[in-house]
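Only one structure is covered here, and it is reproduced in the block below.
Note that these values count all heavy atoms, side chains included, but never hydrogens, waters or copies made by symmetry. In what follows, chains carry the letters A, B, and so on, assigned in the order in which the sequence lines appear, proteins first and then strands, with residues in each chain numbered from 1.
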Protein chains: 2
Amino acid sequence: MKRDSRLSSVLHALLHMAERDGPMTSDDLAKCLATNPVVVRRTMGFLRDAGIVTSDRGHAGGWRITADLSVVTLRHLHDALGEPALFAVGNRNEAPDCLVEQAVNAALDQSFAEAEALLLARFGEITLADLAADFAVRYAARLKQKDL
Amino acid sequence: MKRDSRLSSVLHALLHMAERDGPMTSDDLAKCLATNPVVVRRTMGFLRDAGIVTSDRGHAGGWRITADLSVVTLRHLHDALGEPALFAVGNRNEAPDCLVEQAVNAALDQSFAEAEALLLARFGEITLADLAADFAVRYAARLKQKDL
DNA sequence: TTTCATGTAACTTCAATAGTTATGATTCGG
DNA sequence: CCGAATCATAACTATTGAAGTTACATGAAA
């Protein structure tokens, strides 16, 4: 399949929303992400289902963050997106009769399980507030550079 | 794309070859792996290029392991296959101008880099001999169970 | 020289996200 | 109430790379 960039997308969208006062429309977000508003609705819909954002129709409608930035972690977002497969590599057969293949699967499964546990643990440590703070640092640095 | 199962495939193939005296043909291996001999040649070709196996044409031809089972690690095989992407998830844009996206990428890249380092380290610790030994244990267990 | 085997090109299939088009359903301003 | 703004959703097509298939060329051995 194509690389799954939905986690990256929703993070990008959420941080832009966090920098704004009012709601942002799917069109606004689509411009920020250089994509299509339907893709935005489709992906952000998962976050709405998870209670992280709300969407309003009609005039002055759009998307708003309802959760606390310091509480929502990358792990929450990954879960909200349906816990998509993290690895592009895996076993060819999950429940083989062949003992050789069982030995191969056992070794690979063990390694992948450890890497996945580490990745999810890291995701659980990073909040939207952390990313917003990092953005602020980068923004200040750029302003300073322009000053010189 | 489809899940990449080439590492799993070549491990399965190599262990079957290790259990045999003579060479195995692509057809033999294709039967073990429940796939097509052309797929076997295509995939095993990477291992031949890396010096792990050799292939001979004609009568009594086929594939043979030339490397030491206790030396070849999963890491060697992963490298021989061209170090394919391990993750199915990633950034939507690797070098964005947008500072928000840069902050998002930095956080994701860090987490993925740590998980990848762990996974590759584990791969580096597991040799073909380890897997062959694990297979032997499983085989003995199955024989014992049949005895009862 | 025939048979067995690999080597390889050129496809089709597959799976899941990304992207597009079209239409319907709400909400709100006037 | 009308119409514009906005989301909701269905139904496509595009994309990407591995997997699978077909066909044919090449080389080695009986």
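Residues Met24(A) and Glu19(A) have side chains not in contact (no heavy-atom distance under 4.5 Å, counting atoms from C-beta outward). In this structure the side chain of Met17(A) reaches within 4.5 angstrom of the side chain of Met44(A), judged on heavy atoms. Counting heavy atoms from C-beta outward, Leu47(A) and Leu14(A) have side chains that approach closer than 4.5 Å.
In this entry the distance linking CG of Asp4(B) with C1' of dA16(C) reads 15 Å, nearest Å. The CG-P distance, from Asn93(A) to dA19(D), rounds to 14 Å in whole Å. Atom C1' of nucleotide dC14(C) and atom NZ of Lys2(A) are separated by 15 Å, given to the nearest angstrom. Between Arg42(B) atom CZ and dG20(D) atom P the separation is 9 Å, expressed in whole Å.
Contacts between residues 94-108 of chain A and DNA chain C, defined by a heavy-atom separation under 4.0 Å, are absent. Of the residues in residues 43-63 of chain B, those with a non-hydrogen atom less than 4.0 angstrom from any atom of DNA chain D are Arg57(B), Gly58(B), His59(B). A heavy atom lying under 4.0 Å from DNA chain C marks the following residues of residues 15-41 of chain A, by number: Thr35(A), Asn36(A), Val38(A), Val39(A).
Note on residues 75-88 of chain B: pairs passing salt bridge (charged side-chain N to carboxylate O under 4.0 Å, His left out), not counting sequence neighbours, are Arg75(B)-Asp79(B).
The minimum heavy-atom distance between Asn36(B) and Val38(B), with the atom names listed, is OD1-N, 2.9 Å. Taking every heavy atom of both residues into account, Cys32(B) and His12(B) meet most closely at O-CE1, 3.7 Å. Shortest non-hydrogen contact noted between Ala30(B) and Pro37(B) is CB-N, 3.5 Å. Shortest non-hydrogen contact noted between Leu11(B) and Leu77(B) is CD2-CD1, 3.4 Å.
Note on Ser5(A): a side-chain N or O is less than 4.0 Å away from OP1 or OP2 of dA18(C).
Two end axes, each from the C1' atoms of five base pairs, can be drawn for the helix from dT1(C)-dA30(D) to dG30(C)-dC1(D); they diverge by 10°, to 10 degrees.
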Salt bridge (charged side-chain N to carboxylate O under 4.0 Å, His left out), that's the test. Do Asp134(A) and Arg138(A) meet it? Break it down for me. CA-CA 6 Å; Asp134(A) 185 31; Arg138(A) 290 168 190 269; 3.2 Å; yes
With side-chain contact (heavy atoms from CB on, under 4.5 Å) as the test, would you mind laying out the steps for Leu33(B) and Glu101(A) before giving the verdict? CA-CA 9 Å; Leu33(B) 305 189; Glu101(A) 192 157 15; over 6 Å; no
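Under the 4.5 angstrom side-chain criterion for Ile, Leu, Val, Met, Phe, Trp and Tyr, the cluster partners of Leu118(B) are Leu118(A).
Donor-acceptor pairing under 3.5 Å, judged by distance alone, is absent between the side chain of Arg64(A) and the base of dT6(D). Donor-acceptor pairing under 3.5 Å, judged by distance alone, is absent between the side chain of Arg3(A) and the base of dG17(D).
Arg6(B) comes within contact range of the sugar-phosphate backbone alone, with a heavy-atom separation under 4.0 Å but no base atom that close.
A side-chain contact (heavy atoms from CB on, under 4.5 Å) with Phe87(A) is found for one member of Val89(B), Asp4(B), Leu119(B) and no other, namely Leu119(B).
Within a 6.0 Å radius of CD in Gln145(B), no more than 12 heavy atoms belonging to other residues, nucleotides or ligands are found.
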